[in-house]
Protein chains: 4
Amino acid sequence: MNKINGGADKRSQILNAALKLFNSQGFHGTSTASIAKAAGVATGTLFHHFATKEALLETLFLTVKTEFADALGALKLPDGELQRQAKILWFAALDWAIANPDKQQFFQQFSLSVEIPLTLREEAMQGILGFIGTMINQGQQQGVIARLPLPLMLENCHGQYLSATRFFLDRPELASDSTHREASFQLFWTAMRP
Amino acid sequence: MNKINGGADKRSQILNAALKLFNSQGFHGTSTASIAKAAGVATGTLFHHFATKEALLETLFLTVKTEFADALGALKLPDGELQRQAKILWFAALDWAIANPDKQQFFQQFSLSVEIPLTLREEAMQGILGFIGTMINQGQQQGVIARLPLPLMLENCHGQYLSATRFFLDRPELASDSTHREASFQLFWTAMRP
Amino acid sequence: MNKINGGADKRSQILNAALKLFNSQGFHGTSTASIAKAAGVATGTLFHHFATKEALLETLFLTVKTEFADALGALKLPDGELQRQAKILWFAALDWAIANPDKQQFFQQFSLSVEIPLTLREEAMQGILGFIGTMINQGQQQGVIARLPLPLMLENCHGQYLSATRFFLDRPELASDSTHREASFQLFWTAMRP
Amino acid sequence: MNKINGGADKRSQILNAALKLFNSQGFHGTSTASIAKAAGVATGTLFHHFATKEALLETLFLTVKTEFADALGALKLPDGELQRQAKILWFAALDWAIANPDKQQFFQQFSLSVEIPLTLREEAMQGILGFIGTMINQGQQQGVIARLPLPLMLENCHGQYLSATRFFLDRPELASDSTHREASFQLFWTAMRP
DNA sequence: AATGAATGAGTTTTCATTCAT
DNA sequence: TATGAATGAAAACTCATTCAT
């Protein structure tokens, strides 16, 4: 029966409501009652699906992370020049963020926050940055990327991505402006030049 | 009486305790009672010095911001090459972060957080990044910095600084390793190259 | 189908699970959900068989009481000396308690508890102690039992039984030690001596 | 200021209210809100004085136990016949129960209940029955008490006391009837006769 | 200025019970 | 008969804030 209403079952209604409220009011600033209300379910229903408020947050984090990873994982990167591959990746990540502003904002808030257990955060970083690490290594062997300490470069990539998406999230009207888009990639890529 | 003991009066004891607790448990995760306890004062005392918990947070934010700005403002930048000036500035900022890990972590958590009223955050950004803006302008006229949109570059500078300090805060043993220090500046500076 | 498997139908599975959980966690401390889980049925099933949680408790109480009464009622008491009859009865009651520790513990907890409606409790006492009352009367006429107020003696018998079973339930290894068994009867019987 | 109103400070008002409500509705059946209301304080006040509802129960238990022990401990037992000493003790205990029906009923409910941690219960038993143990030992050496296993006798004494007080609590009009009072002691003492 | 007992609205969570399947 | 997702009232407990001392 529920299948009729587009898959928006109570569980995902709760996740959606939580995503928006956590973004606008923070984790502790959002009451479970308000999440349930926004999701259009009873308070008990929330706890039927998620053992605790923390568990809800973690599920949300994992869901968003997985969606993002899947979006990038589905990409077909052409053989050839590393810079072209990196550009495709960068724009794909940027476009995902622009297309999913709520999820991106959630990431901005929680990917570095104390609210998420350290292990979860590190796992997420690993999953996403692991791939970047391989690219950097290749680039260094090809001589197109500076030979700087890898962990520092990874943290830098993460920071660049966060600041670029922050920029576009705050100015949605520039999201499709090619000057700014190109500039964001240039900053990212040039930083690693030898 | 208290004035004798080097300024460790109850007010600053409260600020110090709040700094550490907000860092480790977040704003909402920290109760005023626990701050008072950690500060070694009665709960009522906290409210003698700060009208509300929010006011305490804002005072803390402004205090930390001012300290940081003062540290950089006191710097004597030599005439000459812009890159040299930028490097001095970068290392000064890095060293302040390393010397004040609690304050820097506080900044990491709250400079982008919903907990701090937007106006306060923007004001802080202005104060710190305004100066950088002038430097970038100069660099562009001299042809040593790429002519990319300024707001994007500022956001990028902020992001670079946050990721660099995050890196060194997580690895205090590298704080005085010159390879890593130089590398962090290289990433920052190279990004803006034409 | 289930009728084949020796009466272990869902209804009695629920009663069995409730017995153990009420014993270990008390009535209010045990949730209907946990009873259903322990019984291996769905939460809804519990309410098919028992209108409310209270009704389940009362059914359990009556079931246990009936089993106990039946066990003693089936006894064939020999004619002759009252003390011999009393001893047979005492040991039978003791043995029932030892053979059914869960049910006995349930009795310990609920035969005096507020959770069970007063009328039910009194009814149960009546059923069990009524018989004892007759014996005491006989004994008094024969001059082998002291002529003390009957209600006090009945309460005393009940108390003696409870403390004796408590003793053996806490020390199962003594359940078949004849010294202790005899001693328990001696305390019980001697108390009523003229 | 509070000293004026007879020492009924908020903390003891809460203890008094809890005593009555736990008696009539059981531990789990009594909400902390109702205790606070009955005590005439705010809900927060209850938790200011007692960390948890369990802690309140334990404090109450210890308080009542201590009062009882003090009442008996203050007794001056005359030298001489053991039975006379026992009688004085028995009546003192009985009178305390009659004079403090709420506290005694509380004891009836909780001295054997799962709600009170085992260690606390055992400690309480030790404190009260330890003294009885010594008396029984003496009596056995003098040949006036049967040589039955001590633990069984102690459990029996406890049971006798509980049933006697239950009897008088249910029938306050008999509390000063000397026939019943004497009978209760006779049952208690005779039980242990050789 | 400093204290800490007191407050009560608000929080997370539990749970007996219902009902569509 | 059996299921288990859904409910919402009620529970224990927290906490920013006040105020008499």
Side-chain angles (χ1 to χ4, degrees), chain A residues 1-2 9-11 13-14 28-37 39-56, chain B residues 1-2 9-11 14 27-37 39-56, chain C residues 1-2 9-11 14 27-37 39-56, chain D residues 1-2 9-11 13-14 28-37 39-56:
Chain A
M1 284 289 173
N2 262 331
D9 58 356
K10 310 227 166 189
R11 195 186 129 99
Q13 283 166 235
I14 293 168
H28 277 109
T30 304
S31 71
T32 53
S34 71
I35 297 172
K37 195 174 181 185
V41 304
T43 60
T45 307
L46 191 154
F47 289 94
H48 183 67
H49 291 285
F50 307 96
T52 63
K53 196 186 175 188
E54 265 83 17
L56 167 58
Chain B
M1 284 280 181
N2 262 332
D9 55 359
K10 309 223 165 191
R11 194 185 130 100
I14 292 169
F27 176 67
H28 276 108
T30 304
S31 70
T32 53
S34 70
I35 297 171
K37 195 175 181 186
V41 304
T43 61
T45 308
L46 191 154
F47 288 91
H48 256 287
H49 292 284
F50 308 95
T52 64
K53 197 188 175 188
E54 268 81 17
L56 167 59
Chain C
M1 285 282 180
N2 262 331
D9 55 359
K10 309 223 165 190
R11 195 185 128 99
I14 292 168
F27 176 67
H28 276 107
T30 303
S31 69
T32 53
S34 71
I35 297 171
K37 195 176 180 185
V41 303
T43 60
T45 308
L46 191 154
F47 288 92
H48 257 287
H49 292 284
F50 308 96
T52 64
K53 196 186 174 188
E54 267 81 16
L56 167 59
Chain D
M1 283 288 175
N2 263 332
D9 58 356
K10 309 227 166 192
R11 196 185 128 100
Q13 283 166 233
I14 292 168
H28 278 109
T30 304
S31 71
T32 53
S34 70
I35 297 171
K37 195 173 180 184
V41 304
T43 61
T45 307
L46 190 155
F47 290 94
H48 183 67
H49 290 285
F50 307 95
T52 62
K53 197 186 174 189
E54 266 83 17
L56 168 58

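Every chain is numbered from 1 and lettered A, B, ... according to where its sequence line falls, protein lines coming before strand lines. None of these values were measured; they are calculated from a predicted model.
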In terms of side-chain heavy atoms of [X], which of [options] is nearest?
{"X": "Thr32(A)", "options": "dA12(F), dT12(E), dT7(E)", "result": "dT12(E)"}
{"X": "His49(A)", "options": "dA6(F), dA16(F), dT17(E)", "result": "dA6(F)"}
{"X": "His48(D)", "options": "dC13(F), dA6(E), dT17(F)", "result": "dA6(E)"}
{"X": "Thr43(C)", "options": "dA2(F), dG4(F), dT13(E)", "result": "dG4(F)"}
{"X": "Lys10(D)", "options": "dA12(F), dA16(F), dA6(E)", "result": "dA6(E)"}

* To do: Begin with the C-alpha distance, continue with both residues' side-chain angles, and end with the deciding distance and a verdict on side chain to side chain contact (heavy atoms under 4.5 Å, CB included) for Phe27(B) and His28(A).
  => CA-CA 9 Å; Phe27(B) 176 67; His28(A) 277 109; over 6 Å; no
* What distance separates His48(B) NE2 from Lys10(B) NZ, expressed to the nearest 0.5 Å? -> 11.5 Å
* Asked: Roughly how far apart are Arg11(C) CZ and Asp9(C) CG, rounded to 0.5 Å?
  -> 8.0 Å
* To do: Please figure out whether Thr30(B) or Gly40(A) has its closest DNA chain F nucleotide nearer the 5' end.
  => Gly40(A)
* Between Thr52(D) and Leu46(C), name the one whose nearest nucleotide on DNA chain F is closer to the 5' end. => Leu46(C)
Atom [atom1] of [X] to atom [atom2] of [N]: distance rounded to whole Å?
{"X": "Phe47(A)", "N": "dA5(F)", "atom1": "CZ", "atom2": "P", "value": "17 Å"}
{"X": "Phe50(D)", "N": "dA6(E)", "atom1": "CZ", "atom2": "P", "value": "11 Å"}
{"X": "Lys37(B)", "N": "dC15(F)", "atom1": "NZ", "atom2": "P", "value": "13 Å"}
{"X": "Ile35(D)", "N": "dC13(F)", "atom1": "CD1", "atom2": "P", "value": "11 Å"}
{"X": "His28(B)", "N": "dT11(E)", "atom1": "NE2", "atom2": "P", "value": "10 Å"}
{"X": "Asp9(D)", "N": "dG4(E)", "atom1": "CG", "atom2": "P", "value": "17 Å"}
{"X": "Leu56(A)", "N": "dT12(E)", "atom1": "CG", "atom2": "C1'", "value": "12 Å"}

* **Thr52(D) versus Phe47(D), closest heavy-atom pair with distance** => CA-CE2, 4.2 Å
* Structure fact -> What one should report as the nearest heavy-atom pair of Ala51(C) and Ala55(C) is N-CB, 4.2 Å
* What is the nucleic acid contact for Ser31(D), judged by heavy atoms within less than 4.0 Å: base, sugar-phosphate only, or nothing? -> sugar-phosphate
* Asked: Within the structure shown, what part of the strands sits under 4.0 Å from Ser34(D) by heavy-atom distance: base, sugar-phosphate, or nothing?
  -> nothing
* Structure fact -> Assert: residue with more 5' nearest nucleotide on DNA chain E, out of Val41(B) and Phe27(C), is Val41(B)
* Asked: If you pin Glu54(C) and Arg11(B) to their nearest nucleotides in DNA chain E, which one's is more 5'?
  -> Arg11(B)
* Can you find an N or O donor on one side and an acceptor on the other, under 3.5 Å apart, linking the side chain of Thr45(B) with the base of dA1(E)? -> no
* Asked: In Watson-Crick or G-U wobble terms, both distances under 3.5 Å, what is the partner of dA9(F)?
  -> dT14(E)
* To do: Name the pairing partner of dA20(F), where a pair is Watson-Crick or G-U wobble with both distances under 3.5 Å, or state none.
  => dT3(E)
* **Single hit among Leu46(B), Val41(B), Thr43(B) for side-chain contact (heavy atoms from CB on, under 4.5 Å) with Ile35(B)** => Leu46(B)
